[in-house]
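The structure appears right after this line, and notes come after that.
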Amino acid sequence: KYWKVDQGIGTEIGIELAEAAQLLRSGETVAFPTETVYGLGADATNTAAVEGIFTAKGRPSDNPLIVHIANVEQLSSLILSDRVSADHRQLMEVFWPGPLTIVLPVKTGGISPLVTAGLKTVGVRIPDHPVALQLLREAGLPIAAPSANSSGRPSPTLASHVRDDLDGRIGGIVDGGATGVGVESTVIELVGGELYILRPGGVTAEQLQSALPAIRIHEPERGEVQGAETPRAPGMKYTHYAPKGFMHIVQGEDAEAVAEWIQHDIDAAKTRGESTGILTFEERASRYHADLVIACGLLSQPETIAQDLYAALRQFDQEGIQYIAAEGCPETGIGLAIMNRLRKAAGHRLVRV
Ligand code: TXA
Ligand code: MG
């Protein structure tokens, strides 16, 4: 089933979302828009329904799913409420609804153990999107929803991305147009009074720090393969979002030097007979020549880079590009999430110029 809905929907529930909610209640999978990326939803309390998510995505069963709720009242059916601290409450107040997933101790007998992949914790968030919120309210259930891509591919920011990956494998798609943030939610856990960013995302480290000024924040490791000798060996352990072609990131203080290095690198690939691509930013795209040059947002407005990133990564595959050089961006604000995804897409190959 496919439903097109308006993002500006009022409070009245339309026939489309009523049908989609009914499908979710009956144990089917339904893709829907959130403010970050499209999610593939299923009833989190129904093991067979949750199984449908893993099967459709080809997702490894040891990777837990995020549970989406419509309001904080729904929390008590999922988690151990007495383990929710004042700091947790502060985060919920400041960032929900919004792109922050909070990992909390799970209550037994609430959601299916498949959702948590056997962990004692569950990641929960309230999405900030009118369509997602209405669907969640109408379904009246906690909805487990990973990003609605096939496992390993870039997350979908358009309903057409969901179709490209999952058509015929899921119960339905609610098309609410382009998502907003473009990268997934920030996943955090509070341990021993300190905050660990497990995955950087739509809420920045700086925003978390200003919401909890007294708390120490740990950013995730930035594992990388260094040097210009970038190994081309496939199957590096931690690739995700990766285009089918070879990709590496080039980063440096001197924009001129970076541009020169990239153009030489791309010219060499061209000489070897490979089709070439460059991932850069609008301010810088005119410097480059390659089979496909993608201007991915504005360096001066990094939120626009996040919005365009996954569609750009998908485009290299659509055009069959074999060799890609990507410009890095500063790792502050939303740049931390952008570079985290780019590093994964590039198999952690990063050249410093
Ligand atoms: O923005 C988002 O978060 C999107 C939209 C659809 O809400 N969802 C999403 O889900 O990105 P997914 O499944 O693609 O990513 C969930 C991430 C994974 O990295 C997973 O390992 C982590 O959250 N995660 C989930 N539950 C966890 C837990 N209990 N402990 C640690 N990490 C957890
Ligand atoms: Mg995902």
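Atoms within each ligand, like the ligands themselves, are counted from 1 in listed order.
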Quiz prompt | Ala145 near ligand 1 by a heavy-atom separation under 4.0 Å | solution = yes
Quiz item: Does ligand 1 have any atom that is closer than 4.0 Å to a heavy atom of Arg125?
Solution: yes
Answer side chain, backbone, both or neither: which part of [X] comes under 4.0 Å from ligand 1, heavy atoms only.
X	answer
Glu35	neither
Thr116	neither
Thr36	side chain

With no hydrogens and no angle check, just 3.5 Å: does a side-chain donor-acceptor pair link [X] and [Y]?
X	Y	result
Glu283	Ser300	yes
Ser185	Thr101	yes
Thr121	Glu189	no
Arg137	Gln134	no
Thr280	Glu327	yes
Asp87	Ser85	no
Tyr241	Asn149	no

What protein heavy atom sits nearest [atom], and how far off is it?
atom	value
atom 13 (O) of ligand 1	Arg59 NH2, 2.9 Å
atom 31 (C) of ligand 1	Leu198 CD1, 3.7 Å
atom 20 (C) of ligand 1	Asn63 OD1, 3.3 Å
atom 7 (O) of ligand 1	His68 NE2, 2.6 Å
atom 6 (C) of ligand 1	Gly39 CA, 3.5 Å
atom 23 (O) of ligand 1	Val187 CG2, 3.7 Å
atom 29 (N) of ligand 1	Thr121 OG1, 3.1 Å

Indicate yes or no: does [X] engage [Y] in a salt bridge with an N to O separation below 4.0 Å.
X	Y	answer
Lys270	Asp291	yes
Lys1	Glu16	no
Asp317	Arg153	yes
Arg125	Glu35	yes

Quiz item: Which atoms of ligand 1 sit under 4.0 Å from any heavy atom of Leu119?
Solution: 28 (C), 29 (N), 30 (N)
Quiz item: Within a strict 4.5 Å, meaning less than it, do heavy atoms of the Pro127 and Leu136 side chains meet?
Solution: yes
Does [X], backbone or side chain, put an N or O under 3.5 Å from an N or O of ligand 1?
X	value
Ser147	yes
Ser185	yes
Glu184	no
Thr101	no
Arg199	yes

Quiz prompt | Heavy-atom proximity to atom 24 (N) of ligand 1, best of Gly201, Ala31, Pro64 | solution = Pro64
Exercise. May I ask which of Gly118, Pro146, Pro99 has a heavy atom nearer to atom 10 (O) of ligand 1 than the others do?
Key: Pro146
Quiz item: Does Asn149 bring an N, O or S atom to within less than 2.8 Å of the Mg ion (ligand 2)?
Solution: no
Quiz item: About how many Å separate CG of Leu190 and CG of Leu212, when rounded to the nearest 0.5 Å?
Solution: 7.0 Å
